[in-house]
Protein chains: 2
Amino acid sequence: MTKVLAREPSRKLPEPAPVRHRLRGHERRAEILAAATKVFHRKGYEAASLQDIADELGIRKASLFYYFPSKEELLHEVLASIIARGIANLRRIMEVPADPLTVLWRLIAGHILHLCEYLEETAVFLHERKSIPAEKRHTVLADDHTYQNHFVETIREGQAAGLIRSDVDAKLAALSVLGSANWTYTWFRRGGSMKPEVIGEQFATMSVNGLASEKALEIWRKPSLSEAVSPSTARR
Amino acid sequence: MTKVLAREPSRKLPEPAPVRHRLRGHERRAEILAAATKVFHRKGYEAASLQDIADELGIRKASLFYYFPSKEELLHEVLASIIARGIANLRRIMEVPADPLTVLWRLIAGHILHLCEYLEETAVFLHERKSIPAEKRHTVLADDHTYQNHFVETIREGQAAGLIRSDVDAKLAALSVLGSANWTYTWFRRGGSMKPEVIGEQFATMSVNGLASEKALEIWRKPSLSEAVSPSTARR
DNA sequence: CCTACCGATCGGTAGG
DNA sequence: CCTACCGATCGGTAGG
């Protein structure tokens, strides 16, 4: 109704209804990204077609190109968005002061809670990271490196403090810890018998026990999940 | 030369040169599977085309259908072959008697050595397992289950012997251990600075330390890589 | 957001 | 193993 008052109909618009689009466009963009995430997760990036995504939304395939220039760009935005969220999650955890072993425990548990909450996005990230071509890959891989570095540095600090065995390679240890946590995307199911909190707690404890020095094993006690890692602090 | 003596040339063969094919066919099949593994690994199953595989071999795409009925079957054989090899590897390791903690250590180290030796095959297996449609998936997933069960059972035995903490869930522990080891396929590079032996030894040690009970931490000493896990015992 | 369309490529078949 | 070919679908464009 308002649109009748807003302006007279013009025969040929040079651009499609700009005012209506500019406002709704962002919502539609978000909806398209959500649909793309879903389809990429279900079928894999390569097997997913733009037609699948359009069907998910009840629009025409060609309409997607009004919002995104290419399928690759769609993937890129999904990846860039979830890794940014992940980094923010880690930073929030590291803001709370604690000894390196406790920080590491929280990073692992927080990583897993985040993964389970954003399962589709994270699965697409971990599974399709390499499908994105060279140019756009740089920023995403740099962010990924930043993410992993938080684990490596925390492990190094643990070694400096004598809390983590000095005979392990910090990078290798981070890859082990992250691998065990990341792998969760391959088997975790929402509503299944394994609760994210249980997985996070057990995985973090196993990893920390695997790295702790003898001295640390005597004095260190595992923290509780609710401090600093609670999913409610990671609300959208 | 022998083929001139073997039979006269016939104008129109009802089937393509049967004798020559039956012998060479198995070699060609193996070559095609090797090429498919390479291409699936490089581009991913969905992005890989039969044309890519044919190009790798210098033959025509249509010729592939003389040996394999479909692209899916190609994938299926790659997957079935590597998981069978993996199970054989685990069985070989478990033949050598030892306490459950030592067996677990060897399973992990042996798993990683195997993964690094058959990197392309294993990467395709771990990355594309789900790309294979329902019918053919059953046997492969059953084998996968068998594989994982060796880890779960060994952990349960460790718990029964008081060597592994009783407060961990054996399945969850196996998923953690296997995740850390499997993840290697995403970052390991042949000829890189990380040697398979070092990765295997460190990962196995970290995982076992992460699960060992206090009692076990006092008495258990990690085995050497050469006993029972040596890659030379896993020759093709 | 739509209709209409395109060139390229896909897995696969016929027939030898 | 090859030539010749096919229907379907792909990502993407023109133009509104």
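Letters go in sequence order (proteins before strands), and every chain restarts at 1. Excluded from the calculations below are hydrogen atoms, water molecules and symmetry mates; all remaining heavy atoms, backbone and side chain alike, are included.
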Whole-Å gap separating P (D/dC2) and CZ (B/Phe65): 13 Å

Nucleotide C/dA8, atom P - distance to NZ of A/Lys71 in whole Å: 19 Å

Within residues 31-45 of chain A: residues closer than 4.0 Å to DNA chain D (heavy atoms): none

Atom pair distance, as rounded to whole Å: OH in A/Tyr66 and P in D/dA14: 17 Å

Spacing of A/Glu46 atom CD relative to C/dC10 atom C1', expressed in whole Å: 12 Å

Sugar-phosphate only, base, or nothing, as touched by A/Ala48 at under 4.0 Å among non-hydrogen atoms: sugar-phosphate

Donor on one side chain, acceptor on other, A/His111 and A/Tyr147, under 3.5 Å: yes

Distance-minimising heavy-atom pair for A/Ile53 and A/Ala35: CG2-CB, 4.1 Å

Sequence neighbours excluded, every pair satisfying salt bridge (Lys or Arg N to Asp or Glu O under 4.0 Å) that has a member inside residues 58-73 of chain B: B/Glu73-B/Lys136

N/O (side chain, A/Ser49) to phosphate O (OP1/OP2, D/dT9) under 4.0 Å: no

Atom-pair distance (CG on B/Leu75; C1' on C/dG11), nearest Å: 14 Å

Donor-acceptor contact present, side-chain B/Asp52 to main-chain B/Ser49, <3.5 Å: yes

Under the salt bridge (Lys or Arg N to Asp or Glu O under 4.0 Å) test, residues paired with A/Asp144 that sit two or more places apart: A/Arg129

Shortest non-hydrogen contact from B/Thr154 toward B/Met94: OG1-SD, 4.5 Å

Value in whole Å for how far the C1' atom of C/dT13 lies from CZ of B/Phe68: 18 Å

Centroid-centroid distance, A/His127 to B/His127, less than 6.0 Å: yes

Test applied, side-chain contact (heavy atoms from CB on, under 4.5 Å); reference residue, A/Phe68; option that passes from A/Leu50, A/Leu75, A/Ile32: A/Ile32

Integer-rounded Å distance: C/dT9 C1' and B/Gln51 CD: 10 Å

Nearest atoms (heavy-atom pairs only) where B/Tyr67 meets B/Arg29: O-NH1, 3.1 Å

Involving DNA chain C, stems made of at least three consecutive Watson-Crick or G-U pairs, both distances under 3.5 Å: C:1-16 with D:1-16

Between C1' of D/dC2 and CG of B/Asp55, the distance in whole Å: 15 Å

Side-chain heavy atoms of A/Val103 within contact of A/Ile93, under 4.5 Å: no

Under the salt bridge (Lys or Arg N to Asp or Glu O under 4.0 Å) test, residues paired with B/Glu46 that sit two or more places apart: none

Give every pair of a protein N or O atom and an N or O atom of nucleotides 3-7 of chain D that lie under 3.5 Å apart, one pair per line with the distance.
| from | atom 1 | to | atom 2 | distance (Å) |
| --- | --- | --- | --- | --- |
| D/dT3 | OP2 | B/Arg60 | NE | 2.9 |

